Protein chains: 2
Amino acid sequence: MATAPRPDFAFGEATLLLREILKLTKSMELDMGAALGTNPTDFAAMQHLMESGPLSPGELARRLGVSTAAVTGVIDRLEGLSHARREPDPDDRRRLLVVPEPESVRRALDRLLPLTRGAQGVLDELDEDERAVVTRYLSGIAAVYREQLGIEG
Amino acid sequence: MATAPRPDFAFGEATLLLREILKLTKSMELDMGAALGTNPTDFAAMQHLMESGPLSPGELARRLGVSTAAVTGVIDRLEGLSHARREPDPDDRRRLLVVPEPESVRRALDRLLPLTRGAQGVLDELDEDERAVVTRYLSGIAAVYREQLGIEG
DNA sequence: GTTATTAGCTAACCAACTTAACGATATGCT
DNA sequence: AGCATATCGTTAAGTTGGTTAGCTAATAAC
């Protein structure tokens, strides 16, 4: 009873590892944010800007899953820290573009790249067939999640 | 430039899938919470109570990574919804035990079990060697994360 | 048996969201 | 062309979930 109070929770090793990764990811988000002096949401915004280039506040809101009003705050904070700036959108004067500052991008990449390189390194140690197995597993897990959320969460 | 504004972000398929899973997990946490009418933190507390049985507020705070003051609020909300109740700890009269209500546990499991069963199902479709590959991959990823966080996050 | 520590709570505060309303621009319709 | 409608970002006001600091009660240490 002390070690297994609820028999329903008998997880496989892979499942436990996945859970640990999810937990580590949360710490990572805090850590990443700390690197730029931001909260996780603001850092996530930076990630989108780094990956996709300048984005409108509306698009940023959509990607972050928050209201456009909240994104105004995100941009205010990023601008306050000189991580990004507002520029007018030449094609639509209602809209604007949030442009990441190169120096901040560099700093963020300093944190992000070791992670992605490390992840890639793990994959590189696997052969083609093994990578396929991993892909199959992850696809399966993603499918299970999507199904529970009602296809497309 | 439109499709690949930053060449630094060339992710492998597995990495993209892992990212998607992380994203789905967040939706899942909201979804789970909604099932009990709670926020993700409160649901996470329920998960710990379900897995480990009654816990003290302090232990709950430690596991959730929030202050004990915040946990007072968590327990207040769970009690308000009759998902758990406070009981005195027979061994230490300063302490108390947060006990999950069976009916709420049942409702939470209704949501959780399909997920864990689904995840287990994905694993069941792999043979022994393949499962070892998955474990190796996930261990590697976890190690990379831990390393970046400075061993033990 | 006093002193120090621990447990949980309250109080006061704060950060990050939400919805609603608003001004400015763009789009669609006739 | 010109008016009605929709869209974009912002502001304003309110809510939520967290923080730290300080308190009381109970236990542990010497």
Side-chain angles (χ1 to χ4, degrees), chain A residues 23 26-27 29-34 36-49 52 54-81 83-100, chain B residues 23 26-27 29-34 36-49 52 54-81 83-100:
Chain A
K23 201 171 123 194
K26 295 205 177 137
S27 307
E29 285 170 357
L30 283 172
D31 183 69
M32 294 283 185
L36 291 193
T38 73
N39 63 34
T41 301
D42 297 358
F43 189 87
M46 283 300 289
Q47 274 188 278
H48 284 289
L49 295 174
S52 306
L55 296 172
S56 69
E59 173 62 15
L60 224 31
R62 201 188 59 73
R63 295 191 185 204
L64 296 174
V66 299
S67 65
T68 60
V71 156
T72 297
V74 170
I75 302 167
D76 285 349
R77 291 189 293 270
L78 290 179
E79 238 180 1
L81 293 168
H83 292 327
R85 62 180 196 281
R86 289 174 164 96
E87 283 199 1
D89 182 326
D91 299 336
D92 186 338
R93 285 190 302 178
R94 289 171 304 181
R95 211 173 282 186
L96 52 89
L97 290 173
V98 182
V99 183
Chain B
K23 200 172 126 196
K26 296 205 178 136
S27 306
E29 286 171 357
L30 283 172
D31 182 70
M32 293 284 185
L36 290 192
T38 73
N39 63 35
T41 301
D42 296 358
F43 189 86
M46 282 300 290
Q47 274 189 278
H48 284 289
L49 295 174
S52 307
L55 296 172
S56 69
E59 173 62 16
L60 224 32
R62 200 189 59 73
R63 294 193 186 202
L64 297 173
V66 300
S67 64
T68 60
V71 157
T72 297
V74 170
I75 302 168
D76 285 348
R77 290 189 293 270
L78 290 179
E79 240 181 359
L81 293 167
H83 291 326
R85 62 180 195 282
R86 288 172 163 97
E87 283 199 2
D89 182 326
D91 300 337
D92 186 338
R93 284 190 302 179
R94 290 172 305 183
R95 211 171 284 188
L96 53 89
L97 290 172
V98 182
V99 183

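These numbers come from a predicted model, not from an experiment. In what follows, chains carry the letters A, B, and so on, assigned in the order in which the sequence lines appear, proteins first and then strands, with residues in each chain numbered from 1. Atoms considered below: every heavy atom in the structure, side chains included; atoms not considered: hydrogens, waters and symmetry mates.
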Global bending angle along the helix from C:dG1-D:dC30 to C:dT30-D:dA1, which compares the axes of five pairs at either end, to 10 degrees: 30°

Correct closest heavy-atom pair for B:L81 and B:G37 would be CD1-O, 3.6 Å

note: A:E59, atom CD; D:dT7, atom P; distance rounded to Å ~ 15 Å

Sequence neighbours left out, what passes side chain to side chain donor-acceptor pair (under 3.5 Å) with B:D89? Give chain and number order. none

With sequence neighbours left out, the residues meeting side chain to side chain contact (heavy atoms under 4.5 Å, CB included) with B:R86 are B:T72, B:I75, B:D76, B:E79, B:L96

What does nucleotides 14-20 of chain D look like as a protein-contact string, B for base, S for sugar-phosphate only, - for none, at under 4.0 angstrom between heavy atoms? ---SSBB

What do the steps show when you test A:M46 against A:T38 for side-chain contact (heavy atoms from CB on, under 4.5 Å), and what is the final call? CA-CA 10 Å; A:M46 283 300 289; A:T38 73; 5.8 Å; no

Remember a base hit wins even if backbone is also touched, and classify B:G58 as base, sugar-phosphate or nothing at under 4.0 Å, heavy atoms. sugar-phosphate

Kindly state each residue pair satisfying salt bridge (Lys or Arg N to Asp or Glu O under 4.0 Å) with at least one member in residues 38-48 of chain B, sequence neighbours excluded. B:D42-B:R77

Length of the line joining A:I75:CD1 and D:dT10:C1', which is rounded to integer Å: 10 Å

Mind checking side chain to side chain contact (heavy atoms under 4.5 Å, CB included) for B:S56 and listing every partner two or more places apart, or none if nothing turns up? B:E59, B:R95

Distance, rounded to the nearest Å, where A:L60 contributes CG and D:dG9 contributes P: 10 Å

Residue set satisfying side chain to side chain donor-acceptor pair (under 3.5 Å) with A:N39, at least two apart, ordered chain then number -> none

A:P40: which residues meet the side chain to side chain contact (heavy atoms under 4.5 Å, CB included) condition with it, sequence neighbours left out? A:E29, A:L30

Only counting residues at least two apart or in another chain, list the ones meeting salt bridge (charged side-chain N to carboxylate O under 4.0 Å, His left out) with B:R85. B:E87, B:E101

Would you mind building the protein contact string for nucleotides 24-30 of chain D? One character per nucleotide, 5' to 3', B for base within reach (heavy atoms under 4.0 Å), S for sugar-phosphate only, - for untouched. -BBS---

Atom CZ of A:R86 to atom C1' of D:dT11: distance rounded to whole Å? 12 Å

Hits for side chain to side chain contact (heavy atoms under 4.5 Å, CB included) against B:A61, two or more places apart or cross-chain, chain-then-number order -> B:T68, B:V71

Of B:V98, B:L49, B:V99, the residue whose pairing with B:L55 passes side chain to side chain contact (heavy atoms under 4.5 Å, CB included): B:L49

Is B:H48 reaching over with its side chain to a backbone N or O of B:L60, donor-acceptor style, under 3.5 angstrom? no

Between atom CZ in A:R62 and atom P in D:dG9, what is the gap in whole Å? 13 Å

Reading DNA chain C in the 5' to 3' direction, which nucleotide is the first one with an atom under 4.0 Å from a heavy atom of chain B, and which is the last? C:dT6 to C:dT10

Pairwise side-chain contact, A:P88 with A:R93, heavy-atom cut-off 4.5 Å (strictly under): no

